[in-house]
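One structure is given here, and the rest of the page talks about it.
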Amino acid sequence: MGFSKFRKYLGRGISKTLPVKKRALITGISGQDGSYLTEFLLAKDYEVVGTTRSLDPAQLWRLEKVRQNIQLVQTDLTTYDAAAELLDSGFDEVYHLAGPSFIPFCWERPIQISEVITESAKHLLEAIRRHERKPVRFCNASSSDIYGNPTELPQTETTPMSPISPYGKAKKWTHELVQQSRETHQVFACNAIMFNHESPRRDLQFAVHKFTDAAAGIKLGRSHGKIPVGSLHTKRDWGFAGDYVEALWAMLQSKSPEDYVIATNKSYMVRDLIEITFATVNIGNWEDYIEVDPKLIREQDIEHLRGDYSKAYRKLGWAPKVSFAGLISMMLGEDIKRLRKNNMDTRV
Ligand code: NAP
């Protein structure tokens, strides 16, 4: 380890050197990925600083266990000055996770959503580029939505981007900005092309958690009528968020900045998701509890996503650990625990 990694100090007349902790900034720290990444980095002895738009404890429930060990900064990163001021305190690594993640909402407010996604990345990258003190490594939460209805299966880092949603279009723009910062300005910037990933900390509006929560409720005798569903045939590649944040970290430890697909290379229909969920808690025929609601079928939707993570495996040694059935079982277990405590919100 080089001298720069040590901070010298004198105490009781003895000269000692201590390794300097790495400092990481996580934007959107209060979200699903932010909370898992925080725990992962703290376990690696990082100093963690995170941004949030609100310091209301109710919004920070996922950070409850680590709240005392991190620093929170209230900002929305919609101006260059906010990003520059934040970066000024010096970071080794920046994980840019802040932004809306629920795609149906993005169709309702396309301009606002696009602005949030593109502006925050633009300001952070510009502040990193102008930062004079030391190089900062940057990881951007890109998304499989950049592909739209993909032209190849499975999707890789070279699959053409042809997004259809406002969310996907804004993610494509930031994805390309990251590539440009890397190629033109030599910024150590990477895109994590993350496919759907879930956990017990996911908001209940997302498909996997919606069905595990409903099945857990039925198991406990708290039936709430038919569960509305859109298309049963949509196919997605679902992984575990705790696995995916490890890939983000590995990308920033790499020798050179590159983009990586982070996925499981397995896809399931929504119908499979429901069937496995109901079978896991053994509550009878899933079709008795489900009702297709045409209002939930999106006119423009991506039919099939499946990501080939072989580059991440080859270059970073990363592979998902939790299987689809394991993920469902984990989420059901936590939902049952939470509902037993009579806590009906998404906290676990
Ligand atoms: P999440 O749970 O929704 O967390 C995102 C965080 O970003 C929120 O906690 C929120 O923190 C902040 N945020 C939300 N809307 C914002 C806005 N309009 N302006 C500024 N900040 C906002 O999402 P996640 O699952 O952790 O995902 C993290 C990142 O990965 C997101 O950028 C998402 O688009 C991307 N991604 C996720 C998936 C997935 O399946 N989960 C897949 C591909 C890509 P505050 O309210 O505290 O500010």
Side-chain angles (χ1 to χ4, degrees), residues 26-40 49-63 67 70 72-79 82-83 86 94-106 108-121 123-124 139-147 155 163 165-175 178 191-209 236-245 247-248 259-264 302 305 307 309 320 327 346-347:
I26 303 175
T27 71
I29 194 168
S30 72
Q32 170 187 255
D33 294 0
S35 66
Y36 281 107
L37 182 60
T38 300
E39 287 166 22
F40 180 76
V49 179
T51 70
T52 174
R53 290 165 302 166
S54 162
L55 291 170
D56 177 353
Q59 307 280 335
L60 302 172
W61 62 270
R62 295 184 184 92
L63 299 172
R67 180 66 191 88
I70 59 175
L72 291 177
V73 180
Q74 189 172 14
T75 174
D76 60 7
L77 293 169
T78 48
T79 64
L86 194 59
V94 173
Y95 298 88
H96 182 40
L97 309 179
S101 59
F102 189 58
I103 294 163
F105 176 69
C106 300
E108 285 161 30
R109 300 192 183 179
I111 307 280
Q112 185 200 352
I113 293 312
S114 303
E115 268 179 19
V116 167
I117 294 174
T118 56
E119 293 295 287
S120 54
H123 296 316
L124 281 168
C139 178
N140 175 50
S142 185
S143 160
S144 50
D145 267 63
I146 58 173
Y147 300 122
Q155 294 85 51
S165 67
Y167 171 86
K169 287 176 195 219
K171 286 288 189 188
K172 174 176 181 277
W173 193 88
T174 54
H175 185 101
V178 165
N191 285 302
I193 310 167
M194 292 192 282
F195 284 59
N196 289 64
H197 48 282
E198 319 294 317
S199 75
R201 299 181 193 174
R202 189 76 140 144
D203 282 339
L204 283 175
Q205 57 202 350
F206 290 91
V208 180
H209 210 175
R236 289 288 181 272
D237 177 332
W238 281 291
F240 170 50
D243 286 345
Y244 286 30
V245 300
L248 307 187
D259 303 331
Y260 293 91
V261 162
I262 308 301
T264 71
I302 301 171
L305 290 171
Y309 66 89
L327 174 67
T346 58
R347 302 170 195 204

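Every number for a ligand or one of its atoms is a count from 1 in the order of the listing. For the numbers below, each heavy atom of this structure counts, side chains included, while hydrogens, waters and symmetry mates do not.
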| Within the side chain of K171, is there an N or O that forms a donor-acceptor pair under 3.5 Å with the backbone of A141? | yes

| message | Which heavy atom of D237 sits nearest to which heavy atom of F195, and what is that distance? | response | O-CB, 3.8 Å

| field | Option of least heavy-atom distance to atom 24 (P) of ligand 1 (set: D33, L248, L97) | value | D33

| message | Under a 4.0 angstrom heavy-atom cut-off, which atoms of ligand 1 come close to S142? | response | 43 (C), 44 (C)

| Any idea which atoms of ligand 1 are less than 4.0 Å away from a heavy-atom of N196? | 40 (O)

| message | Under a 3.5 Å distance rule, please check whether D56 uses its side chain to pair with a backbone N or O of A58 as donor and acceptor. | response | yes

| With a 4.0 Å heavy-atom cut-off (strictly under), which part of V116 contacts ligand 1: side chain, backbone, both or neither? | side chain

| said: For F206, run the ring-ring contact (aromatic ring centres under 6.0 Å, His included) check against F105, W238, F102 and tell me which one passes. | reply: F102

| Going by the order shown, which atoms of ligand 1 are within less than 4.0 Å of some heavy atom of S101? | 1 (P), 3 (O), 23 (O), 33 (C)

| said: Please list, in number order, the atoms of ligand 1 under 4.0 Å from a heavy atom of G28. | reply: 6 (C), 7 (O)

| message | Looking at every non-hydrogen atom in both residues, tell me the closest pair between A83 and L77 and how far apart they are. | response | CA-CD2, 4.0 Å

| field | Minimum non-hydrogen distance to atom 11 (O) of ligand 1, winning option of S30, A170, S35, G99 | value | S30

| query | Within the structure, does T52 bring an N/O atom to less than 3.5 angstrom of an N/O atom in ligand 1? | reply | yes

| task | Keeping the roles fixed (side chain from D76, backbone from T78), state whether a donor-acceptor pair exists under 3.5 Å. | result | yes

| task | For ligand 1, find out whether one of its N or O atoms is nearer than 3.5 Å to an N or O atom of G34. | result | no

| Between S101 and R202, does a side-chain contact (heavy atoms from CB on, under 4.5 Å) hold up when you go through it step by step? | CA-CA 10 Å; S101 59; R202 189 76 140 144; 4.2 Å; yes

| request: Spell out, as yes or no, whether a donor-acceptor pair under 3.5 Å connects the side chain of R62 to the backbone of R201. | output: yes

| Between P100 and I113, what is the shortest heavy-atom contact and its length? | CG-CD1, 3.7 Å

| query | Heavy atoms only: which of R202, M194, E115 is nearest to atom 41 (N) of ligand 1? | reply | R202

| request: Could you list which atoms of ligand 1 come closer than 4.0 Å to a heavy atom of A141? | output: 29 (C), 30 (O), 32 (O), 35 (C)

| Side chain or backbone of Y167 under 4.0 Å from ligand 1, or both, or neither, by non-hydrogen atoms? | side chain

| request: Answer with yes or no whether Q59 contacts ligand 1, where contact means a heavy atom under 4.0 Å from a ligand atom. | output: no

| query | Heavy atom of K171 under 4.0 Å from ligand 1? | reply | yes

| request: Could you check which of R53, R236, H197 puts a non-hydrogen atom nearest to atom 40 (O) of ligand 1? | output: H197

| Between F240 and Y36, ring centroids under 6.0 Å | yes

| Okay, side chain of Q59, backbone of S30: is any donor-acceptor separation there less than 3.5 Å? | no

| query | Is it the side chain (CB and beyond), the backbone, both or neither of A241 that lies under 4.0 Å from ligand 1, heavy atoms counted? | reply | neither

| task | Measure the distances from the heavy atoms of P100 to every atom of ligand 1 and state whether one is below 4.0 angstrom. | result | yes

| message | Geometry only, no angles: is E198 polar-contacting ligand 1 at N/O separations under 3.5 Å? | response | no

